[in-house]
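Structure first, commentary second.
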Amino acid sequence: MASVTIPESVVAGFTKIATLPEESFQEIISALRNIPLSIRQYRVFDAEGFAPQGIPPEEAKIIADAVFPLYRGLSTSKVALDTYVTDLSRSLRDAKPDGAEWLSSDDDFERFRERLARVLSVDSVKLVAKAHEVLVHHGNTFSTARILSDIRPVFGENVEDSPLAAVIVHMLNVVYYEGDTRKELVVALDTKDIQLLMDALKRAEAKTDSLKKIIASTRMTYIGVA
């Protein structure tokens, strides 16, 4: 397998994982297990819910910024966890980044590799990452929407006279992603179109409630989007 490129921004998080006392490291594992089983719409994981005891919030964020992308990478990877961790560890060691002098110690390096495997073995976090991958595995995925509304005057034969009537036009601006490319779609709507959209969305909500009941009747866990 080709060497995995590791951004410099995650080196600090890896260093924390490698050098923390075992008791503090166990708090990281506990905090990962306590992350709510739900998908955050824009950042996948509930980073605010990751709060290891005894670790300052700014350090916890450094660790989260290093770990959470790895879960997403693992969810789309076709290799086993051990291979994934080994490739990451070797790539980090080969890069010899500043601030990671501990990599020169075989014992420290092996401890990091073992800890990284434990960090990426939390089943609930792995499930959220896989659920997100299933959720967004489409050609186009919705991002945001906005509607701008205008009054459009209707003139008679003489445009120098005041308008004779007016209509209301709503411009629906949908932002979506095609792969990693951000795109926009602008569609003109009239008041009837607005009602049609509202009816369709209400129907989708009703379907969601029905499907939740089906999931609840099985052994599957429903993972919602917060």
Side-chain angles (χ1 to χ4, degrees), residues 1-7 9-10 13-14 29 31-50 61 63-89 91 116-147 172-187 196-226:
M1 180 178 175
S3 179
V4 179
T5 301
I6 303 175
S9 59
V10 305
F14 287 168
I29 300 298
L32 286 170
R33 289 172 178 161
N34 288 331
I35 290 177
L37 199 61
S38 65
I39 301 171
R40 306 296 289 189
Q41 187 171 23
Y42 297 110
R43 58 179 182 270
V44 185
F45 303 102
D46 185 1
E48 296 176 359
F50 178 68
K61 184 180 185 306
I63 294 169
D65 289 345
V67 168
F68 288 152
L70 299 185
Y71 270 104
R72 294 182 64 180
L74 181 61
S75 71
T76 60
S77 175
K78 296 182 180 180
V79 302
L81 173 61
D82 186 65
T83 301
Y84 187 78
V85 169
T86 297
D87 287 339
L88 282 167
S89 303
S91 294
L116 188 60
R118 289 161 63 189
V119 162
L120 296 178
S121 296
V122 179
D123 290 338
S124 57
V125 186
K126 289 166 65 176
L127 189 59
V128 170
K130 289 183 179 179
H132 177 265
E133 173 61 20
V134 172
L135 186 66
V136 301
H137 194 70
H138 306 283
N140 300 325
T141 55
F142 176 83
S143 178
T144 60
R146 183 182 181 188
I147 294 179
L172 172 62
N173 187 324
V174 176
V175 178
Y176 67 98
Y177 281 88
E178 184 178 302
D180 293 327
T181 304
R182 182 181 184 276
K183 293 191 174 184
E184 293 187 25
L185 172 67
V186 180
V187 180
L196 288 173
L197 276 178
M198 291 175 64
D199 291 343
L201 291 173
K202 288 178 181 178
R203 182 173 172 79
E205 281 189 327
K207 288 181 180 179
T208 297
D209 291 338
S210 296
L211 293 173
K212 283 182 179 179
K213 292 176 182 177
I214 294 175
I215 293 173
S217 68
T218 70
R219 299 180 62 182
M220 293 185 293
T221 299
Y222 171 67
I223 300 178
V225 179

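Excluded from the calculations below are hydrogen atoms, water molecules and symmetry mates; all remaining heavy atoms, backbone and side chain alike, are included.
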Apply side-chain contact (heavy atoms from CB on, under 4.5 Å) to Y222 and L211, showing your working. CA-CA 10 Å; Y222 171 67; L211 293 173; over 6 Å; no
Pairs touching residues 206-226 that satisfy salt bridge (charged side-chain N to carboxylate O under 4.0 Å, His left out), sequence neighbours left out: none
For A66 versus G13, what's the shortest heavy-atom pair and its separation? CB-CA, 3.8 Å
Starting at CG of L120, measure out to CG of L70 and round the result to the nearest 0.5 Å. 5.5 Å
Output side-chain donor-acceptor pairs under 3.5 Å for residues 137-146, partner residues at least two apart or in another chain, one line each.
from: H137; atom 1: ND1; to: E133; atom 2: OE2; distance (Å): 3.3
from: H138; atom 1: NE2; to: L135; atom 2: O; distance (Å): 3.1

With sequence neighbours left out, the residues meeting salt bridge (Lys or Arg N to Asp or Glu O under 4.0 Å) with K126 are none
Salt bridge (charged side-chain N to carboxylate O under 4.0 Å, His left out) pairs touching residues 69-84, sequence neighbours excluded, are D82-R113
Name all residues meeting the salt bridge (Lys or Arg N to Asp or Glu O under 4.0 Å) criterion together with D180; count only those two or more places apart in sequence or in a different chain, and write none if there are none. none
Which atom names give the shortest non-hydrogen contact between T218 and I214, and what distance separates them? CG2-O, 3.3 Å
Side chain to side chain, V10 and P69, heavy atoms closer than 4.5 Å: no
Candidate pair I29 and V119, rule side-chain contact (heavy atoms from CB on, under 4.5 Å), full reasoning: CA-CA 6 Å; I29 300 298; V119 162; 4.0 Å; yes
All heavy atoms of Y84 vs all of S77, minimum pair found to be CD1-OG, 4.0 Å
Aromatic ring pairing F50/F68, orientation class (parallel under 30°, perpendicular over 60°, tilted between): perpendicular
Contacts under 3.5 angstrom, residues 32-40 side chains, donor-acceptor by atom type, not counting sequence neighbours:
from: N34; atom 1: ND2; to: S30; atom 2: O; distance (Å): 3.2

What closest approach, in Å, do L81 and A117 show between heavy atoms, and which atom pair accounts for it? CD2-O, 3.9 Å
Determine, step by step, whether D199 and R203 satisfy the salt bridge (charged side-chain N to carboxylate O under 4.0 Å, His left out) criterion, reporting the C-alpha distance in whole Å, the side-chain angles of both residues, the deciding distance to 0.1 Å, and the verdict. CA-CA 6 Å; D199 291 343; R203 182 173 172 79; over 6 Å; no
Distance (rounded to the nearest 0.5 Å) between Y176 OH and R182 CZ: 11.0 Å
